[in-house]
Amino acid sequence: MRGVGWRRAAGRIGWRRIARQIGRSVAVWAVSTLTMLALALLLPDFRLQSADGDSATRIALTAALGAGAFGILSAVVWPLLVRLLLLVPALVLGLLVFFLNGSLLLVALRLNPTGRGAVAPETAVVVAAVMSAVASATGGALAVRDDEAYRRRLHRLAARRRRTDPPCAATPGLVLLQLDGVGHDVLTAAVDKGLMPALARLLAGEGTQPPTHRLTPWHTDWSSQTGASQLGILHGSTYDVPAFRWYEKDREEVMVCNRPTSAAELQRRAVAHTGDGGLLTEDGASRGNLFSGGAGEQALVLSIAARRRSPENRSRAGYFAYFSDPANAVRTALSFVAEVAREIGESTRARIRRRRPRVSRGGLYPLVRAFATVVERDVVVAAVMGDMLAGRTAVYADLVAYDEVAHHSGPYSRDAEKVLTRLDRSLALLARVADHAPRPYRLVVLSDHGQSPGETFHARYGLTLADLVRAGCGLHVPRRAERTHSGTEARAAVRAALRRPVEEGERHRPARRREPIVLASGNLGLVSFPDVRHRMTREEIDARHPALLTTLADHPGIGFLLVASEAHDGVVLGPGGTEIPLADLDRDPGPLARFGPGAVEAVRRTHSFPHTADIMVNSAYEPADGEVLAFEEQIGSHGGLGGAQSRPFLMSPLELSEPVAAGERLTGAEQVHRVLRRWLGELSGPEVPLAGAAAEQGERAA
């Protein structure tokens, strides 16, 4: 009898569910009809009646049939249109959203049996956009309190991916969300100010609910940038990544971490160095990252963007999976336009008020910012939702919005704070999705580096690092300094989406082989002499350019230099003739003292890399205000030593073991990788190959 009762109850619930769905569909249709009527009254080129006039009933019927036809076409034809446009670059597809939607409205009116509807093509774009937005908002509002409808709506994101896969495991999965560029201090300040309430609830609890997460700072290597950190986190190796960009003499090539070909080569080297495919090799997904982590499911991953289109190259697939839903497309397109307008307004206000420091925010930057803060965020979050609803074991995703805005507006600016609030909403959404996933999930939020504020080197001294190096070499210095433009993850993502990956090798090649190549990575500079095949020593540099090292070391905008030495293996140079061998830095850190704990170890490790530059230059640093001087056009920078850029965070569930023992420092992305490996093991995720597990156990024992 009990079984019969449960079946009857299930049947009643099923009928109620169908009735609610029908009711929502009718409500959306009614609101769309009213919207169409209102637009016909407001727009002169849009009519729902014949030239001779019609009755109100006939006009309403025309609107109802037109709205219904448009809704059906949006649900059925739109995904087919997106699939036919797979060869169109993703950003171009985002701009085509309005025109494609308008075309569907023209078809819907043409199919209207009343024959009364007519609209100008340019007006159809506006009408279709408004109707899609209203329909999406109405459907979402009606489903807010219906968990089952909410689950089904989200499940559509993953429906095509896992139809033939076996049921997922009952053990917990791990979702790793990287907030690019958000430092530990920035996060704690945002939580304290109430800008990130979702994270605050996880860290402090709410009401009678206790905290669920802990917050742990960690410290980067000298190269405090996404390329090194994410390679270490996902692949367990930061070896021979001295900066964001560097010149390799043996290959005569400039490596750039956000260039697809360089990212692919760095990933290959890391796999060869560790003998392991990566953190995500078992049922993992990589979303919006520079590297794959060995994941079988990849979307918007830069290291595969350089390949020719093939079933294995799915770097842009996430865009089409997202834009195949017309409501997603219209909502994101409208938000994109709003973000462009917001950036133009903020940059204009900054110029009028003459804020300092300030960098140029014109040209294509408003579009790049909107892409990072809207398009990439929406697509990556949707992909992660799909992965969770599909029950994947491990997911790693990078949200680059804050990093892009902080570079140009400053890490503590009002602009950057607004981005943090929007990212917090995305995290809250993913936490709600976990309640509907087929397996439990543990959410880990982390960052790859922080950002340090400060003027640019050029703004303060009127010359670039390249100009200073040329002056020290006795070479001609151009009268008009050519600034070093910013290179960020968001710009690389835009280029990949447009199939225009950056190739910087030619741009940095000197006119004469004896001239130095000067590269910038935030407040870290690298000087290489391409005509000398080996790494030059201090003695060789002095013999060729006697004034160069002194010119650099004594400049007030330079903190210290690292060069090789025939007498001492390597030396750190500072102002006033300071010269300290690497072996003596523990006793006398000299100019490294102001950069805090860990600076000596970071410099020594970088010195051991095969592709470290002839001269490594770190800008000056003011501990009192945490400011550095970027060699790029950035007022929030990272890449070297000094301030908050070297202090990212790791926020982890209390169910997982402590990242490090009490009193110990979590240092380097490689150690973060080992912590994540351990957590995957605790969740019974067979992520570590047997050989890798044995090696790690041996390392822990040692």
Side-chain angles (χ1 to χ4, degrees), residues 222 242-247 254 357 359 452 454-487 504 507-532 535-538 540-564 571-579 591-592 594-595 603 612-622 627-635 637 639-642:
W222 189 357
F244 179 76
R245 51 172 69 88
W246 66 94
Y247 180 72
V254 173
V359 294
S452 297
E455 282 187 286
T456 68
F457 189 86
H458 176 268
R460 178 168 294 186
Y461 299 109
L463 78 168
T464 66
L465 178 63
D467 295 333
L468 186 62
V469 170
R470 292 183 66 85
C473 293
L475 300 173
H476 169 70
V477 178
R479 300 179 99 182
R480 184 173 182 177
E482 182 179 346
R483 304 185 185 188
T484 302
H485 296 287
S486 172
E504 300 196 19
R507 191 176 74 185
H508 291 293
R509 192 161 292 167
R512 301 177 180 85
R513 284 188 58 83
R514 286 183 60 85
E515 293 186 1
I517 293 177
V518 182
L519 303 173
S521 296
N523 73 317
L524 176 63
L526 296 91
V527 183
S528 300
F529 295 91
D531 61 314
V532 180
R535 183 182 175 192
M536 295 183 71
T537 63
R538 184 224 170 120
E540 290 175 315
I541 296 171
D542 282 341
R544 175 184 282 200
H545 301 294
L548 175 58
L549 294 177
T550 301
T551 298
L552 292 175
D554 287 340
H555 193 278
I558 304 298
F560 66 90
L561 312 178
L562 169 67
V563 293
V571 294
V572 168
L573 305 180
T578 301
E579 178 179 344
L592 295 184
R594 67 192 302 108
F595 291 89
V603 169
T612 296
D614 293 328
I615 308 173
M616 300 287 290
V617 184
N618 203 98
S619 84
Y621 165 57
E622 293 297 332
E627 292 191 354
V628 299
L629 299 172
F631 298 125
E632 299 181 87
E633 285 298 292
Q634 300 172 348
I635 59 174
S637 68
L641 289 174

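This is a predicted model, so every value here is computed, not measured.
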So do the side chains of [X] and [Y] get within less than 4.5 Å of each other, counting heavy atoms only?
| X | Y | result |
| --- | --- | --- |
| V563 | L549 | yes |
| F631 | V617 | yes |
| E515 | L475 | yes |
| T456 | P357 | no |
| V527 | I517 | no |
| S528 | P516 | no |

Set of residues satisfying side chain to side chain donor-acceptor pair (under 3.5 Å) with respect to [X], sequence neighbours excluded:
| X | result |
| --- | --- |
| S452 | none |
| R460 | E455 |
| D554 | none |

query = Residues two or more places apart in sequence or in another chain: which of them pass ring-ring contact (aromatic ring centres under 6.0 Å, His included) with H555?
reply = F457, Y461
message = For F560, give me all partners under ring-ring contact (aromatic ring centres under 6.0 Å, His included), at least two apart in sequence or on another chain.
response = W222, F595
message = Is there a side-chain contact (heavy atoms from CB on, under 4.5 Å) between T612 and R535? Walk through the geometry before answering.
response = CA-CA 8 Å; T612 296; R535 183 182 175 192; 3.6 Å; yes
query = With R538, which residues qualify under salt bridge (Lys or Arg N to Asp or Glu O under 4.0 Å), at least two apart?
reply = D542, E579
message = Taking E632 first and then R245, would you say they form a salt bridge - that is, a charged N and a carboxylate O separated by under 4.0 Å?
response = yes
D614 bridged to R544 by N-O distance under 4.0 Å = no
Taking all atoms of both residues into account, what is the closest heavy-atom pair of [X] and [Y], and its distance?
| X | Y | answer |
| --- | --- | --- |
| I541 | L548 | CG2-CD2, 4.1 Å |
| G525 | L465 | CA-CD2, 3.7 Å |
| V628 | S637 | CG2-OG, 3.5 Å |
| E540 | M536 | OE1-CA, 3.3 Å |

key: Candidates T578, V571, L573 - the one meeting side-chain contact (heavy atoms from CB on, under 4.5 Å) with L561   = L573
ask   = From I615 CD1 over to H545 NE2, what is the distance, rounded to the nearest 0.5 angstrom?
value = 8.5 Å
Contacts of type side chain to side chain contact (heavy atoms under 4.5 Å, CB included), residue L526, not counting sequence neighbours = A243, W246, S521, L524, A613, M616
Determine yes or no for a side-chain-to-main-chain donor-acceptor pair under 3.5 angstrom, with [X] supplying the side chain and [Y] the backbone.
| X | Y | answer |
| --- | --- | --- |
| R594 | E622 | no |
| S619 | L629 | yes |
| N523 | L641 | yes |

